[in-house]
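Working notes for the structure below.
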Amino acid sequence: MMLQQKPAITVVGLGSGDADQLTLGVWRRLQNASRLYVRTEHHPMMNLLQENGIRYESFDRFYEAHDSFPDVYEAIASELISLASSADGSSDILYAVPGHPMVAERTVQLLRERCGDAGIQLNILGGESFLDQAFVRLGFDPIEGFQLLDAADLKPSQLQPALHTVIGQVYDVFTASDLKLTLMERYPDDHPVVVGHALGVADEESIVTVPLYELDRIDGYGNLSLVFLPRSDDEALQNRSFDRLHEIVSILRSPEGCPWDREQTHQSIRKNFIEELYEALEALDNDDPDGMREEFGDVILQVMLHSQMEEEVGSFSVYDVIQTLNEKLIFRHPHVFGDRGASNAEEALGNWEQMKAEEKKRTGEAEKRKSLLDGIPKDLPALMRAYKIQKKAAKVGFDWDDLDPVLAKIQEELGELREAASEGTPDEKIGELGDLLFAVVNAARFVDADPEEALARTNAKFMRRFAYIEECLRIEGRTFDQTDLVEMDRFWEEAKAKE
């Protein structure tokens, strides 16, 4: 009894487009194929097939039927598996693709994933890749460091200027435009880029170098187009990478680095962290983009230095910090990265809090806390800490129902402060003042205002009005010694009216 032959699909590469570079083995397969399918007819090798009377069927119809390349590739793979499954086994299906079947050929990857489950044998024969011609025509050696990227799915994080970079699948000017915007995340607008069309194909090849901003202003994009960025040692490009920052900080802390940086500990630069944060906040409040850029960098430096200290003793590195943060953001946003929904900010915050609680259960952190109020940093400014304490207590119902009793409590605390101010001890005065401030923070919650922000605004307002008083006195050539409270109050009201 003869066993039925297993259906098979054989994939061959048509090379970069030059008939002289087509391998002999692939050419014989093409000549002897009884059922030949090609992914696209838009390839120079089709002329050779037509001249030799080799019949084939193209899948170009799928490009017209679908709106995206992934859908096209899915349709082609499904069609090939269907054709092979319905065959009687007497003849294999030969599927020809541009270039090399294993280089930038998604349909072949889909066949590799599915043929086994479908009971189909998959054979893959090589062919010259467009990379072979890129190495020759663009004149670079991949051993120096090289990466191949897909223009259709390119992310700025993939770009490494220290490597030769070839970007394929630049099918049209729209893809080139999207690619330009992505490259501008890492490269200057005028950085030179090389555009290659039909490399190695006689009478069709075109190689031009243009500034990045003109990438989508040139003609000729098609199936055989690529973009090339030679490797660069330009420090300005290297300095735009996080890896370079990590390298610099590790050098500063090394025996060959900076004596001051080497001597620092967590405690010795602890206060720097706070100072840098406040300077960043000032840049935010001033709506100062240049200041933000610099101050945000100083804050990141503090994170880098503390992480580097832990890396040196083997506890963790800054990459562990980033991984933990990424995992936390994904876990706490199930409405973005999961299957939950959130139609507004309130629902999104609810998801965040629910996943945060779940996270603490998983890590055992919830069991470690003896009080609901644990976990509030003791070094927060007192106003901010009071706000957080009250919010946590309110979550379990320890709170007033509305604003009226809160305002009554403020009046009560104000009366007690008056009494302590006239008859109390210094400690009693401080205590009553603290009670009044705590009650005012409660009012902030009920009017949906952050007390820290509210006080910061009042501080700024006071400084503006006081500056007006100073300016009025300066114009009149007088000093504070030459005025009185009545006049200063008049200037104050003028400043208030101007606002």
(request) Rounded to the nearest 0.5 Å, what's the gap from CG on L125 to OH on Y95? Could you check? (result) 14.5 Å
(message) Just so I know, are the side chains of Q31 and I54 near enough to count as touching, which here means a heavy-atom distance under 4.5 Å?
(response) yes
Only distances under 3.5 Å count here; give the side-chain donor-acceptor pairs of residues 188-199 to other protein atoms, sequence neighbours excluded, each with its distance to 0.1 Å.
residue : atom : partner : partner atom : Å
H197    : ND1  : G220    : O            : 3.3
H197    : ND1  : S225    : OG           : 2.7
H197    : NE2  : D219    : O            : 3.3

(message) Tell me if the CZ atom of R445 is crowded by more than 12 foreign heavy atoms within 6.0 Å.
(response) yes
(message) Checking H335 now: which residues fulfil ring pair (Phe, Tyr, Trp, His ring centres under 6.0 Å) with it, not counting sequence neighbours?
(response) H333
(request) Before accepting this row, confirm whether a basic side-chain N of the pair D261/R253 lies closer than 4.0 Å to the acidic partner's carboxylate O. (result) no
(request) Quick one: list whatever passes side chain to side chain donor-acceptor pair (under 3.5 Å) with E205, sequence neighbours left out. (result) R137
(message) Check whether D216 reaches the backbone of V173 with its side chain - one donor and one acceptor, N or O, closer than 3.5 Å.
(response) no
(message) So which atom in L30 and which in L36 form the shortest heavy-atom distance, rounded to 0.1 Å?
(response) CD2-CD1, 3.9 Å
(request) Mind listing the closest non-hydrogen atom pair of A283 and G291 along with its distance? (result) CB-C, 3.7 Å
(request) Measure the shortest side-chain to side-chain distance between L245 and V318 over non-hydrogen atoms and say whether it is less than 4.5 angstrom. (result) no
(request) Would you give the length of the straight line joining atom CD of Q158 to atom OG1 of T165, rounded to the nearest 0.5 angstrom? (result) 10.5 Å
(request) Examine distances only and state if a side-chain atom of S85 and a backbone atom of I81 form a donor-acceptor pair shorter than 3.5 Å. (result) yes
(request) Without swapping roles, check the side chain of S86 against the backbone of S82 for a donor-acceptor pair under 3.5 Å. (result) yes
(message) What verdict does the side chain to side chain contact (heavy atoms under 4.5 Å, CB included) test give for F146 and R231, after you've listed the backbone C-alpha separation in whole Å, the side-chain angles of each residue and the deciding distance to 0.1 Å?
(response) CA-CA 8 Å; F146 161 72; R231 66 184 302 274; over 6 Å; no
(message) Counting only heavy atoms from other residues, nucleotides and ligands, does the tally under 6.0 Å from CD of E235 exceed 12?
(response) no
(message) Could you check whether R262 pairs with E256 (Lys NZ or Arg NE/NH1/NH2 to Asp/Glu carboxylate O, under 4.0 Å)?
(response) no
(message) Do Y37 and E79 have side chains that approach each other closer than 4.5 Å (heavy atoms only, starting at C-beta)?
(response) no
(request) Assert yes or no for the condition that the ring centre distance of F130 to H100 is strictly below 6.0 Å. (result) no
(request) Please name the pair of heavy atoms, one in P101 and one in V11, separated by the smallest distance, quoted to 0.1 Å. (result) CB-CG1, 3.8 Å
(message) Tell me if a side-chain donor or acceptor on R385 pairs with a main-chain N or O of P377 at a distance below 3.5 Å.
(response) yes
(message) Check this for me: R270, atom CZ, are more than 12 non-hydrogen atoms of other residues, nucleotides or ligands nearer than 6.0 Å?
(response) no
(request) Examine distances only and state if a side-chain atom of N239 and a backbone atom of A236 form a donor-acceptor pair shorter than 3.5 Å. (result) no
(message) If you apply the rule side chain to side chain contact (heavy atoms under 4.5 Å, CB included), what do you find for V12 with T23, and how did you get there?
(response) CA-CA 10 Å; V12 297; T23 67; over 6 Å; no
(request) Could you tell me whether R244 and E247 make a salt bridge, using a distance below 4.0 angstrom between a side-chain N and a carboxylate O? (result) yes
(request) Identify the heavy atoms of R186 and P161 that sit nearest to each other, and give their distance. (result) NH2-CD, 3.3 Å
(request) Indicate whether the side chain of D243 and that of Y319 have a donor and an acceptor atom separated by less than 3.5 Å. (result) yes
(message) Could you check, using the six-membered ring where one of them is a Trp, whether F174 and Y221 have ring centers closer than 6.0 angstrom?
(response) no
(request) Answer yes or no: is there a donor N or O on one side and an acceptor on the other, between the side chain of D18 and the main chain of D20, under 3.5 Å? (result) yes
(request) Side-chain contact test, heavy atoms from C-beta onward, threshold under 4.5 Å: evaluate it for L94 versus Y56 and give yes or no. (result) no
(request) Would you check if the side chain of N286 reaches a backbone N or O of E282 as a donor-acceptor pair within less than 3.5 Å? (result) yes
(request) Please confirm whether F140 and H164 have ring centers closer than 6.0 angstrom. (result) yes
(message) Test of understanding: with side chain to side chain contact (heavy atoms under 4.5 Å, CB included), list the residues that count as partners of F69, not counting sequence neighbours.
(response) Y63, Y73, Y171
(request) Tell me, yes or no, whether the heavy-atom count around L325 atom CG, taken from other residues, nucleotides or ligands under 6.0 Å, exceeds 12. (result) yes
(request) Answer yes or no: are there more than 12 heavy-atom neighbours, outside D67 itself, under 6.0 Å from its atom CG? (result) no
(message) Could you walk me through whether I218 and V210 satisfy the side chain to side chain contact (heavy atoms under 4.5 Å, CB included) test, starting with their C-alpha distance in whole Å, then the side-chain angles of each, then the deciding distance to 0.1 Å, before giving a yes or no?
(response) CA-CA 9 Å; I218 61 176; V210 297; 4.2 Å; yes
(request) For the pair N52 (side chain) and L48 (backbone), establish whether a donor and an acceptor sit closer than 3.5 Å, ignoring hydrogens and angles. (result) yes
(message) In the structure I gave you, are the side-chain heavy atoms of Y187 and L229 within less than 4.5 Å of one another anywhere?
(response) yes
(message) Are H246 and E311 packed together at the side-chain level, in the sense that at least one heavy-atom pair is separated by less than 4.5 angstrom?
(response) yes
(request) Using modelled atom types only, decide if a donor and an acceptor are shared between the side chain of Q264 and the backbone of W260 within a distance under 3.5 Å. (result) yes
(message) Can you confirm whether D141 sits close enough to F135 that some side-chain heavy atom of one is under 4.5 Å from a side-chain heavy atom of the other?
(response) no
(request) Determine whether V103 and L131 make a side-chain contact, defined as any pair of heavy atoms from C-beta on separated by less than 4.5 Å. (result) yes
(message) With a 4.0 Å cut-off on N to O distance, would you call E74 and R114 a salt bridge?
(response) yes
(message) Would the distance check show the side chain of D172 and the main-chain N or O of T175 forming a donor-acceptor pair, the cut-off being under 3.5 Å?
(response) yes
(message) Test of understanding: with side chain to side chain donor-acceptor pair (under 3.5 Å), list the residues that count as partners of Q354, not counting sequence neighbours.
(response) R340
(message) Salt bridge check, E452 against K388: does any charged N sit closer than 4.0 Å to a carboxylate O?
(response) no
(request) Taking salt bridge (Lys or Arg N to Asp or Glu O under 4.0 Å) as the test, write out the residues that go with E358, two or more places apart. (result) R362
(request) Give a yes or no on whether a salt bridge exists between R39 and E105, defined as a side-chain N under 4.0 angstrom from a carboxylate O. (result) yes
(message) If the test is side-chain contact (heavy atoms from CB on, under 4.5 Å), which one of M46, E41, H43 qualifies with S58?
(response) E41
(message) Looking at every non-hydrogen atom in both residues, tell me the closest pair between E204 and P44 and how far apart they are.
(response) OE1-CG, 4.1 Å
(request) Tell me yes or no: between the side chains of S315 and E310, is some donor less than 3.5 Å from an acceptor? (result) yes
(request) Report the C-alpha distance between R112 and I124 in whole Å, list the side-chain angles of each, state the deciding distance to 0.1 Å, and finish with yes or no for side chain to side chain contact (heavy atoms under 4.5 Å, CB included). (result) CA-CA 10 Å; R112 284 170 56 84; I124 299 176; 4.1 Å; yes
(request) Quick one: closest heavy-atom pair of V170 and A151, and the distance? (result) CG2-CB, 3.9 Å
